[in-house]
Every structure is written in C-alpha cells, then in structure tokens.
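Right, one structure below, let's go through it.
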Amino acid sequence: MSVNEEPKPMDLFDDNSDEKLKASLKEKFKKLQIKDDFMFSTVMKNPELCKTFLERVLNLQISNIQYSEIQKTINVSVYAKGVRLDVYVVDDKNTVYNAEMQTTTNSNLPRRARYYQGMIDMDRIQKGANYKELDCSFVVFVCTFDPFDEGRYIYTFENRCIQNTELGLGDATTKVFLNTKGTKGDITQELKILLDYMDGKEPADKFTRDLESEVESIRKNKSWEVQYMTLEIKYQEKIAEGRAEGEARERVRVFRKMFLNGKTSKDIADFMGIPIEEVEKIKKTINIQE
C-alpha cells in the first residue's frame, strides 16, 4: 500500500474535541521521525522498503513479502492478552517477520518477545495441525537504547543447549534486538547507516534517503494526519480512563479504611466535601455496615 493511497476510514473528531490538543497533534505529526511507532509502521506499508529493511537487518535475501496486516492484532482467546504488532509480514517460504519500534526502556522486552513469538505461532498454526507445520519466524525490536547494556549494535537470540552451546534446539525461532546507539560488533556498513538513520541522523545512502522520502510523503498526507491524530486522542482517552479507574479504586480504599475506623457516612461526606448520597453509593459496593 502506497502512502498516497487513502487509509481505511477512522472516526474523525467531533465538534467538542479540544482544539488546542488537535493543533498540538498536528504540529507533532509534522515532526514525526521514522523512530515514532506510527511513522515506522506506516513507512513499512511500502513492500519494497519493508523487504529491504528486513534484508538489511537480518542479513538475508527475501524473494517477496506479503502483508497479513500492518499493526496486526492477535487475539487467540478471550482470556488471553492480545497483542498489536507494528509490522507482520510473510515471505514466499512462509517465514514470518514481526518488527517493532521501541523507544522506551521500561517495557520488559525479553518477555514481550517471548509472548509475541508464542502469539504468532498460535495465530499461524491450525487446530489439530502437526507441530512441524509451525513456520520459521523472526521477532525484531529496533531499540533507540541499549536493551542489554553491552554496547552492541545487535543482539541475536536462538534457543540453545546450556551444556553444549553448539547444539541448537531447532525450533526455527529467532529474536533480534537492534541498538541504534551501539558501538560494538561486526555489522555491515549498510546496517550501520540504517541504525544511525533510525536514531535520528541524516540519511547517508540511497535506502535511507528512500525511507526519509517516504516519511516526508506521509507527513504531507492529510488522511494519515487524521488517522494519527485519531489514534493519539483515543490513546490519551484510554490513559485518562485508566487514571480515573485508579482514582476510583483509591477512593474506595480510603472510604473502606475510614468506615472500618468508625467514621460515619456523614463524617466521610463532610471530610471529602462530597454529597452523602455518593458516599452511600460507594458504601453499598464495598458492603460496609455501620
């Protein structure tokens, strides 16, 4: 899908949307770099750029790629935590490639990689199928920090025997963590240029210039701008909802403690400066008897 094509329609802002927030998001969109999650996944909609990116990162040749979905959501069970993957593509040999942009350090990446790997397997294999039908897969995290504090450009993990590290498990899974600020390791000049670009430096070869050109095209695309703003507002609304839920739980905790310490509904209402009816409503939910 080209950035000049219209993205799928999304809910637009209503008349009550905060104009200052919209203006702020418009300015932010104009300055997005490829290391922004939205920009990265949108750039990777271009199949040639995505294929070359994967080839350069993994140092292998890929004939062609097919998109399952961009920012694919996998939900294997109503009881399991779903995941939304930035980039999810498959080549002509059914090898699966998942690529994620990561700019924050408090994300427990090793266990996230493990979970993503498992969810990809669950998504790919049919019920009742033989395990040998599981596809080869790569999970790649592009980090703008050093995820393991060893200064390496790249950390590649495969499952191996502890007693004999020459003995691989052969489960056809690979997890790769790229460090855009790395200084150690033997990597190609092409990958070094790519990592520098992902870290915010100027493009230094044809491929990174092509990536930057795509970034600029996306910045000028009004439909992508609206989609970005819509996603950001929904994200902020979810944060606000979570904060409100947390505050509500804290209020219930305080009320319970005050009730157990002998305070009456009127005492709590006077202390909190809220109607006694609200206190009574919360009291019923926590099953407190005066």
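FYI, side chains are in, hydrogens and waters are out, and symmetry mates aren't considered; it's all heavy atoms of this structure.
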Check: Taking everything shown except D205 itself, do over 12 heavy atoms lie less than 6.0 Å from its CG?
Finding: yes
Checklist line | CZ (R56) with more than 12 external heavy atoms under 6.0 Å | finding: yes
Checklist line | Basic-acidic side-chain contact under 4.0 Å: D210, K206 | finding: yes
Side-chain heavy atoms of [X] within contact of [Y], under 4.5 Å:
X    : Y    : result
N179 : Y153 : no
F38  : L32  : yes
Y197 : F207 : no
F157 : T173 : no
V142 : Q102 : no

Note to self: By the definition side chain to side chain contact (heavy atoms under 4.5 Å, CB included), identify the one residue from T95, T174, V96 that meets it with S137.
What the structure shows: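 Only match with S137 under side chain to side chain contact (heavy atoms under 4.5 Å, CB included): V96.
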Check: Which residue, I120, L85, V176, forms the side chain to side chain contact (heavy atoms under 4.5 Å, CB included) with V139?
Finding: I120
Margin query: Filter on salt bridge (charged side-chain N to carboxylate O under 4.0 Å, His left out), then keep only pairs touching residues 168-197, sequence neighbours left out; what's left?
Written below: K181-D199, K192-D196
Note to self: salt bridge (Lys or Arg N to Asp or Glu O under 4.0 Å), that's the test. Do K51 and E55 meet it? Break it down for me.
What the structure shows: CA-CA 6 Å; K51 184 173 87 72; E55 289 178 330; 3.3 Å; yes
Is a side-chain donor-acceptor pair under 3.5 Å present for [Y] with [X]?
X    : Y    : value
Y116 : R112 : yes
E100 : N98  : yes
D36  : Y228 : no

Next item on the list: Sequence neighbours left out, what passes ring-ring contact (aromatic ring centres under 6.0 Å, His included) with F138? Give chain and number order.
Entry: Y97
Check: Step by step, would you call V90 with I65 a side chain to side chain contact (heavy atoms under 4.5 Å, CB included)?
Finding: CA-CA 5 Å; V90 182; I65 58 172; over 6 Å; no
Margin query: With a 6.0 Å cut-off on the ring centroids, do F40 and F53 count as close?
Written below: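 Yes, the ring of F40 comes within the 6.0 Å limit of the ring of F53, centre to centre.
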